[in-house]
Structure formats: structure tokens, C-alpha cells
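Worksheet: the structure to be examined is printed underneath.
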Amino acid sequence: MQGYILNINRVKDEDLIVSILTPNKLKTLYRFYGARHSTINLGYKIDFEAIRTNSSMAMLRNVLHLAQKWNMQTQKFYIWQQVIKLFYKHLKDVVEIDQFYFNLLDKMSDKWDRQNSQRVAVEAYIEILEYEGRLHDDFVCFVCEERIDRDLSLARGFLPAHTSCIFANQQNKAKIENLFQTKSTLFLEDSEVLDLWNIINEGF
């Protein structure tokens, strides 16, 4: 079975409780410290076995890290771990889960080495918002409920608002419309992508 490690909690005597996103479940497994183990880390994609015991929680066994070459690039891996933490906060209360999220992490991982990591993250977040029905591409201000013509800002969840209504950085409306339609950051400057990345970090 394969999955992405979304969270690791240390418990007594260096044992771990590990949350792993598989194609259709978010599994919570126990890893006993006393046995010989391969190294695991937040954000790793692994092949593993979940072994049932008398305990209420299955054991994590026979772990193999399915490494990507960018795993050794400190900055890229750091941003990846930030994304993984956001995924966990977003999905932690779910057990059964649609394969969309696992497939999206696979797609992001394939692009992570070739493209700017923050751009990949922004494009993926647009896919999440659209999939979950939360992409507000009608550009109506969520504060005053009036149409936004020019002075556009984005709040958490990329909720559109008038800049004067939320006092946030102003966005180029034409570029944001293009982003929402194409799910591509191609026409955005790096500084604009960074601004969107900072909004994502407020939470999915």
C-alpha cells in the first residue's frame, strides 16, 4: 500500500503515531520504536503495511521510502512540508476520502522538481477549491455582496472582496480571473505568486 505521511506525533518512549493519506483513506497507524525501522519524515511518500494487532490501532510496518530527487533539496522539501501540513489540517477529521487528494499530491510531486514550488502549490490549491465547490469565480465581494470590477483583494480560501472592504493587498483582477479559469500561474509575476502563497498559508 502507498501513501503520503501527513502528520507524525511522538508518544511514549519515542513511539510514533503516523497519519498517512492513501488513495481512499486517511490512516492513523502506530509505529513501535523498539524494532528496526527505516527513516520516515513528514511529507514522504512511502510503501507500507498496516498490520492489525490486539491494539485498537494498526501497526505501521515494512516501510519503504519512495524517494523523489527533490527530497534532498532543502528549500523545495521545506515548502513541500508546509503544503503537507495544510493538507493534514484540511483532512484530519476525515477517514474515508476521495482519491482526488492522493492523485493531486502525486501530480504536484511530479512537477515539484521541474517548476517553481509555490506556483505548483497555487495551481493545485485552485484545483482543490474547484473540486470542493469553493472557487468563487463570480467575483462578488463576500463582505458587501457587490460586484467587484477593479479593486480586487483575496482573503483566506481565495474569497474575493473589495480591497477597501478587507484592507488587503490588491490583486490584478484580469490575472486572477485567468488563474481561476486556467489553473495556471503562467501569467503571474513571482511577487504575485508569493502573495497568493502567503494567503494559502493562512489555511485551506
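Just so it is clear, the model here is predicted, and its values are computed rather than measured. Worth knowing before you read on, the calculation uses all heavy atoms, side chains too, and leaves out hydrogens, waters and symmetry mates. Heads up: numbering here begins at 1 and tracks the sequence.
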Is there a side-chain contact between [X] and [Y], using heavy atoms and a 4.5 Å cut-off?
| X | Y | answer |
| --- | --- | --- |
| I84 | L105 | yes |
| H162 | V143 | no |
| W80 | W70 | yes |
| P23 | Y101 | no |
| L188 | R119 | yes |
| I176 | L196 | yes |
| L16 | I40 | yes |
| D106 | K45 | yes |

Run T185 and E123 through side chain to side chain donor-acceptor pair (under 3.5 Å) and show every step you take. CA-CA 7 Å; T185 59; E123 292 169 359; 2.9 Å; yes
For Q181 and D137: C-alpha separation, side-chain torsions, deciding distance, then whether side chain to side chain contact (heavy atoms under 4.5 Å, CB included) applies. CA-CA 8 Å; Q181 290 169 6; D137 53 5; over 6 Å; no
Of all pairs that satisfy ring-ring contact (aromatic ring centres under 6.0 Å, His included), the ones with a partner from residues 46-66, not counting sequence neighbours: Y44-H65
Residue pairs involving residues 171-204 (criterion ring-ring contact (aromatic ring centres under 6.0 Å, His included); sequence neighbours excluded): F87-F204, H90-F204, Y125-F204, F139-F180
Report the C-alpha separation of F77 and W112 in whole Å, then their side-chain angles, then the decisive distance to 0.1 Å, and conclude whether the side chain to side chain contact (heavy atoms under 4.5 Å, CB included) test is met. CA-CA 9 Å; F77 191 58; W112 211 252; over 6 Å; no
Can you pull out every salt bridge (Lys or Arg N to Asp or Glu O under 4.0 Å) where at least one residue sits in residues 87-101? Sequence neighbours excluded, please.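 Residue pairs passing salt bridge (Lys or Arg N to Asp or Glu O under 4.0 Å), neighbours aside: K25-E96.
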